[in-house]
Amino acid sequence: LVSSGDYERFFLEGNKRYHHILDTATGYPTDTELSSVTIVSPRSVDGDGLSTLAFILGLNEGYRFIRAQEGMEAVFITKDLSVYLTPGLEGNFTPGSADFTVKPWEEAP
């Protein structure tokens, strides 16, 4: 398991969160609906790069990208605490807090 997210390394300036995952096109922190992406893979070295890439791509494009990778599964958590799972994790994941809501992929924004 390897996760990338905007919730540990960040600072707030006004109402804006600046985190450590940067958009290479702008040099600024990525601005997507995601708060976290966790990759489940046979080797953590593979999951490390993929979790960051999926985070940068955003929910929909990141989900499609991970689905195209053989042997990879993912947990996507949005800023509103909605949880979206790739098919291999459906039914095998329970959030550790009632603050999170697992939603079917069809409800993704």
Side-chain angles (χ1 to χ4, degrees):
L1 294 173
V2 179
S3 297
S4 291
D6 67 356
Y7 49 87
E8 289 203 22
R9 295 184 200 163
F10 70 93
F11 67 91
L12 296 173
E13 180 69 32
N15 291 330
K16 177 86 171 149
R17 177 188 294 244
Y18 293 90
H19 57 83
H20 71 291
I21 302 174
L22 303 180
D23 180 333
T24 58
T26 67
Y28 286 95
T30 57
D31 188 17
T32 70
E33 67 278 84
L34 292 172
S35 182
S36 174
V37 176
T38 298
I39 301 293
V40 179
S41 63
R43 298 174 356 133
S44 64
V45 69
D46 298 330
D48 187 35
L50 293 176
S51 65
T52 302
L53 179 57
F55 186 92
I56 291 168
L57 291 173
L59 180 60
N60 291 302
E61 194 174 340
Y63 180 89
R64 285 191 298 274
F65 177 78
I66 296 301
R67 289 292 315 271
Q69 309 307 308
E70 189 173 324
M72 304 288 172
E73 299 293 339
V75 178
F76 294 86
I77 301 176
T78 60
K79 292 175 182 170
D80 71 357
L81 303 182
S82 296
V83 178
Y84 299 94
L85 307 169
T86 54
L89 296 178
E90 290 176 357
N92 295 310
F93 179 87
T94 303
S97 167
D99 294 336
F100 296 88
T101 304
V102 177
K103 294 185 175 180
W105 180 251
E106 296 76 32
E107 292 183 19

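In this text, all values refer to a predicted model and were calculated from it rather than measured experimentally.
One finds the CG atom of Leu34 at 11.0 Å from the OG atom of Ser82 (value rounded to the nearest 0.5 Å). Remark: Ile21 CD1 to Asp31 CG distance equals 12.5 Å, nearest 0.5 Å. Thr32 OG1 to Ile56 CD1: the interatomic distance, rounded to the nearest 0.5 Å, is 9.5 Å. To the nearest 0.5 Å, the span separating CZ on Phe76 from CG on Leu59 amounts to 6.5 Å. To the nearest 0.5 Å, the span separating CD1 on Ile66 from OG on Ser41 amounts to 9.0 Å. To the nearest 0.5 Å, the span separating CZ on Phe100 from CG on Leu81 amounts to 5.0 Å.
Of all heavy-atom pairs between Tyr63 and Pro87, the closest is OH-CD, 3.6 Å. Between Tyr84 and Glu107 the shortest heavy-atom distance is OH-O, 3.6 Å. Of all the heavy atoms in Ala54 and Val37, the pair that sits closest is CB-CG1, 3.9 Å. Residues Asn60 and Ala108 come closest through the heavy atom pair OD1-CB, 4.2 Å.
A donor-acceptor contact shorter than 3.5 Å is absent between the side chain of Glu90 and the backbone of Thr86. Using modelled atom types, no side-chain atom of Glu33 and backbone atom of Lys79 make a donor-acceptor pair closer than 3.5 Å. Using a distance-only test at 3.5 Å, with no hydrogens or angles considered, a donor-acceptor pair links the side chain of Glu73 to the main chain of Gly88.
Counted by atom type alone, Ser4 and Thr52 present one or more donor-acceptor pairs between their side chains at under 3.5 Å.
A chain of hydrophobic side-chain contacts below 4.5 Å, direct or via other Ile, Leu, Val, Met, Phe, Trp or Tyr residues, connects Met72 to Phe55. By the criterion of side-chain heavy atoms lying less than 4.5 angstrom apart, applied directly or through intervening Ile, Leu, Val, Met, Phe, Trp or Tyr residues, Ile39 is grouped together with Trp105 in one hydrophobic cluster.
Among Val83, Val40, Val102, the one residue that satisfies the side chain to side chain contact (heavy atoms under 4.5 Å, CB included) test with Leu89 is Val40.
Checked against side chain to side chain donor-acceptor pair (under 3.5 Å), Asp99 has the following partners two or more places apart in sequence or in another chain: Ser97.
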